[in-house]
Amino acid sequence: MTNNDSLSAAELDELDRRHLVRSMQRGYIKDRVIITRGRGSTVWDAEGNEYLDAAGGGVWHSPIGHGRPELAEVAAEQIKRIEFFTSLLEFSNDKAIRLATRIAGLAPEGLDRVFFTNGGSEAVETAIKAARLFHFRNGEPDRTWILSRHYSFHGATYGSGTATGLPQMQHGVGPNLPNFEKLTPPYPYRAEMYGGAETTDFCVAELEATIERIGAGNIAAMIGEPVMAGGGVVAPPADYWPRIQEVLDRHGILLVADEVVTAFGRLGSWFDAPNRGMRPHMITLAKGIAGGYAALGAVVLTDKIADTIIGEEGFFHGYTFQGHPVACALGLETIEIIEREGLIGRAHEIEAELKAGLAGLKDLPTVGDVRVEGTLAAIELVSNREHKIPVEWHVGDAVAFEIRARHNVIARPYAHNLVLAPPLVTTTEEIARACHAVAEVVGRLSPAGDIAP
Ligand code: PLP
C-alpha cells in the first residue's frame, strides 16, 4: 500500500482495527466512524454519510469549523518559508513571537508570557512543574503539593492525569504522582455532597481544612477549570472562585486556571477565568487555540513566574516541536477569523439557542439536569431521578450512538453526561436540529437504560 492508494470504507475499517489504537478506546464499542472530510459544522465519513458536528470536532476543540481553505493557505505558505526550526535556547521564530504577543494581548491583565506546548496535557504538566520550580527558586522547596478537584479533567500524562478527578484516569496505571490532593467541586445539581451546608461555604471550609492538614508551606498550587467541562459542564456559584482565590492568596498558593476548553470563545469570551472571579497566576490553553488545525497548547504566565523559573539556571523543560511555526501561524489566523466573523458574539446567541432547544428535556424521566454555559451543554442522564443515580457509561455511549445513527448528528458522551459543543459557526437551524435529535433519542431512553425503537 502506498500513501496515495485509494482505500474503500471497508478497507479503512479493517486497517483501523488491525493497526490503530485510538484515544479512550473501549473494547465494547465495536463501531467505527471514519471521518474523511469536513466543512463548517458538517463532516462526512468514508462511506459518504453526512453528519452535523454538534460536538466541536468531537472534543470541543473546533471554534471556527472544519475545512477552511484560508487555513490551508496559511499552512502552505509557512511550510514554503520554513516548516520548523527549534525554539530551544537562543532560537526563536517569528510566528511563535507573534502568537505569544497576540495571546498576551487577549489574556487577563498581568499574564504576558507564553510557553507553547503541543496540547493541553503538556500545558498542565508544564504549569505543575512551573509552580513547583517557582517556589523552589524562592527558597520554599517543600511547596510541592498540587490541589485539584474531583470530576475535573486536566489531561492524560502522569502529572495532568494525577490531577484529573476521574478515577478511571489513575486506575491500573499506578503508582500515580505523589503529593496531589482532590477537593470537592461546586456541583449545584449534587448539592447533597455538602451535607446541608451552602456549596461555597463547604468548599472553602474544605480547602481551609486541607491547607491546615497538609501545611500551607507544602502546597505549590491549585488547578481548576473555571467551568468544569469533562466533568459535565458544571459552573460554580458566582462567589466560589473569588472566595477560593482569597484563601489561596492568603497562603501563598498559586492558582492555575485550566482554560483548555473554556478559552477562545467557547464560553463567549477570549478567556473565562475573569468572568468567574479568578485571578490566576497561570492559564493553560489548547484545543481551540489553533482552531483544531494543528496540535497546539500553551501556558500563559505572569512575568514574575516566568522570570523566576527561567532565572540564570534556566527552566530545563521543553518539547521538540514547541512553538511550531505552522501551528502558530494557524493560531494567528484562528484569532483573526474569530474576530473578523464576530464568533464571540455568535457564542452568546448559540447559548440562548441551546437553552431554548434543550429546555424540554428537563422533564424527561432519565434527565437529572440540563446545563448550558456558553456553547457547552450537558444533559446529565440518570437511571433514577429521585436519587440522582447516574446511568452506566455504556448507556451514554448508546444514546450518542443512536443520535448519530438516527439523526446524523454527532453529540458526545462524557461519563454519564451527553455533551454538545458546536463550533461557533453553527447556524441557528443547525442548533435546532441538534437539540431536536438529542431530545428525540433521550425521550426514548428508559430508566433501565434501554432505548425504545
Ligand atoms: N484540560 C482540560 C480542561 C481538558 O478538557 C483537556 C482535554 O480534554 C486537557 C486539559 C488535556 O488536553 P489534551 O487532550 O490536548 O492533552
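In listed order, ligands and their atoms are each counted from 1.
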Within 45° of the ring axis of Y414 and under 6.0 Å from its six-membered ring centre, is that where the NZ or CZ of R412 lies?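 Because its charged atom sits under 6.0 Å from the ring centre and within 45° of the axis, R412 does stack over Y414.
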
When rounded to the nearest 0.5 angstrom, what distance separates [atom1] in [X] from [atom2] in [Y]?
X	Y	atom1	atom2	result
S152	K182	OG	NZ	7.0 Å
K388	R190	NZ	CZ	7.0 Å
T375	I350	OG1	CD1	6.0 Å

Would you check ligand 1 and list the protein residues that come within less than 4.0 Å of it by any heavy atom, ordered by chain and number?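 Contacts of ligand 1 under 4.0 Å: G119, G120, S121, F153, H154, G155, E225, D258, V260, V261, K287.
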
Are the aromatic ring centres of F315 and F115 under 6.0 angstrom apart?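 Close enough - the centres of the two rings lie under 6.0 Å apart.
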
N/O donor-acceptor pair under 3.5 Å between R266 side chain and S62 backbone: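 Yes, R266 side chain to S62 backbone: donor-acceptor pair under 3.5 Å.
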
